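One structure below.
What you are looking at is a predicted structure, and each value in this text was computed from that prediction instead of being measured.
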Amino acid sequence: MPDRPSQGRELIEARGLMAHPEGGYYREVHHSSLSVSHPSREVTTPRPASTMIEFLLLAGEPSRWHRVRTEEIWIHLAGAPLTHERVDEGLREHQGTTLGPVQGGSRSHLLIPGGYWQAAHTSGEFTLSACIVAPGFEFEDFTLLRDEPELVVRFRERFPERSELL
């Protein structure tokens, strides 16, 4: 009898998810028709007012340390609790939060300020979450920490126990 695909793998196909550069799988489900100016002076092109993706993490496939220029709201949708970690822009302070099913008494959502470094992993077979970004997400506003060699050195010195997600 052939092995049955995991529920997480079934979700990838059923929801039309594709691989994300940070790890995990995603699909954009909302792209605002309204345009706004980006708060950063470095960004001169308008952005959608907001975007939203569905984002799936599987066991052993974490979201690697990355940042987005603008704020994000993560919302737990299904599956195991999600451990979400963040570090401020200056690499001074680490915070961790578990998002999970409301029925279990867990926190269901989390705001990540723009510019914060963040990483996440599921505590079970899979976690499906939603991520809302405002102003809307564009890949040019996204940076993987591993692509910033000087910051990687500082990060490893400051948070050696968190470096496995680089």
Side-chain angles (χ1 to χ4, degrees), residues 5-33 38 40 42-43 45 47-89 91 94-101 106-149 151-152 155-156 159 162-166:
S6 71
Q7 189 175 3
R9 295 269 174 217
E10 288 174 350
L11 280 170
I12 293 169
E13 186 173 327
R15 313 272 321 152
L17 305 177
M18 58 187 153
H20 196 288
E22 77 193 49
Y25 303 87
Y26 80 105
R27 174 176 70 105
E28 186 176 72
V29 294
H30 171 71
H31 188 99
S32 178
S33 60
H38 196 283
S40 171
E42 298 147 11
V43 178
T45 56
R47 294 285 189 263
S50 65
T51 56
M52 182 170 85
I53 62 170
E54 291 180 337
F55 187 75
L56 177 76
L57 287 174
L58 300 176
E61 297 182 25
S63 163
R64 304 276 176 204
W65 286 104
H66 67 283
R67 70 176 168 196
V68 176
R69 290 183 197 214
T70 53
E71 69 184 25
E72 298 181 54
I73 300 170
W74 284 64
I75 304 165
H76 182 274
L77 297 177
L82 175 78
T83 300
H84 192 283
E85 301 184 60
R86 61 200 172 284
V87 171
D88 64 288
E89 290 180 84
L91 302 180
H94 169 270
Q95 292 180 308
T97 303
T98 300
L99 301 180
S106 295
R107 185 175 179 159
S108 63
H109 62 281
L110 176 67
L111 172 71
I112 306 299
Y116 270 52
W117 294 101
Q118 57 182 302
H121 64 274
T122 183
S123 64
E125 179 189 337
F126 76 94
T127 302
L128 180 65
S129 58
C131 183
I132 300 166
V133 180
F137 180 82
E138 298 286 345
F139 271 104
E140 65 192 62
D141 299 333
F142 170 86
T143 306
L144 284 166
L145 182 57
R146 69 178 179 218
D147 293 338
E148 302 288 327
L151 287 177
V152 167
F155 187 92
R156 283 190 169 136
F159 306 105
R162 305 283 179 230
S163 297
E164 76 278 0
L165 295 178
L166 286 168

- [ ] State, with a plain yes or no, whether a side-chain heavy atom of T45 is found less than 4.5 Å away from one of E138.
- [x] no

Task: Side-chain (E125) to main-chain (Q7) donor-acceptor, under 3.5 angstrom - done: yes

- [ ] With the side chain counted from C-beta on, respond yes when C131 and F137 share a heavy-atom pair under 4.5 Å apart, and no when they do not.
- [x] no

Task: Contact summary for M52 and A130, nearest pair of heavy atoms - done: SD-CB, 4.3 Å

Open item on the list: So R86 and W117, do their side chains get closer than 4.5 Å, heavy atoms only?
Closed with: no

Open item on the list: Any heavy-atom pair between the side chains of E148 and T143 that's under 4.5 Å?
Closed with: yes

TODO: Using a 4.5 Å cut-off on heavy atoms from C-beta on, say whether the side chain of R64 contacts that of L145.
DONE: no

Task: Under-4.0 Å salt bridge between R9 and E61 - done: yes

Open item on the list: Are the side chains of P21 and F142 in contact, using a 4.5 Å heavy-atom criterion?
Closed with: yes

Open item on the list: How close do E89 and G115 get, counting heavy atoms only, and between which atoms?
Closed with: CG-O, 3.0 Å

Open item on the list: If we ignore hydrogens and angles and just use 3.5 Å, is the side chain of S106 paired with the main-chain N or O of L99 as donor and acceptor?
Closed with: no

TODO: Could you pull out the closest heavy-atom pair between A80 and G124, with the gap in Å?
DONE: CB-N, 3.4 Å

Task: Aromatic contact, H20 with F139 (centres under 6.0 Å) - done: yes

TODO: For the residue pair I132 and H30, establish whether any side-chain heavy-atom pair is separated by less than 4.5 Å.
DONE: no

TODO: For L82 and A120, work out which heavy atoms get closest and say how close.
DONE: CD1-CB, 3.9 Å

- [ ] Identify the heavy atoms of R107 and T97 that sit nearest to each other, and give their distance.
- [x] CD-CG2, 3.8 Å

Open item on the list: If I compare all heavy atoms of W65 with all of R162, which pair ends up nearest, and what's the gap?
Closed with: NE1-O, 2.9 Å

Open item on the list: A quick test of your reading: do over 12 heavy atoms of other residues, nucleotides or ligands sit less than 6.0 Å from NE2 of H109?
Closed with: no

Open item on the list: Quick check for you: to the nearest 0.5 Å, what is the distance between H121 atom NE2 and E164 atom CD?
Closed with: 8.0 Å

TODO: Find out whether I12 and L58 are in side-chain contact, i.e. whether some heavy atom of one side chain is under 4.5 Å from a heavy atom of the other.
DONE: yes

Open item on the list: Which residue is it: E85, Q95, H84? I am looking for the one with a side-chain hydrogen bond (donor to acceptor under 3.5 Å, both in side chains) to Q118.
Closed with: H84

TODO: Can you measure from CD1 (I73) to OG (S129) and round to the nearest 0.5 angstrom?
DONE: 13.0 Å

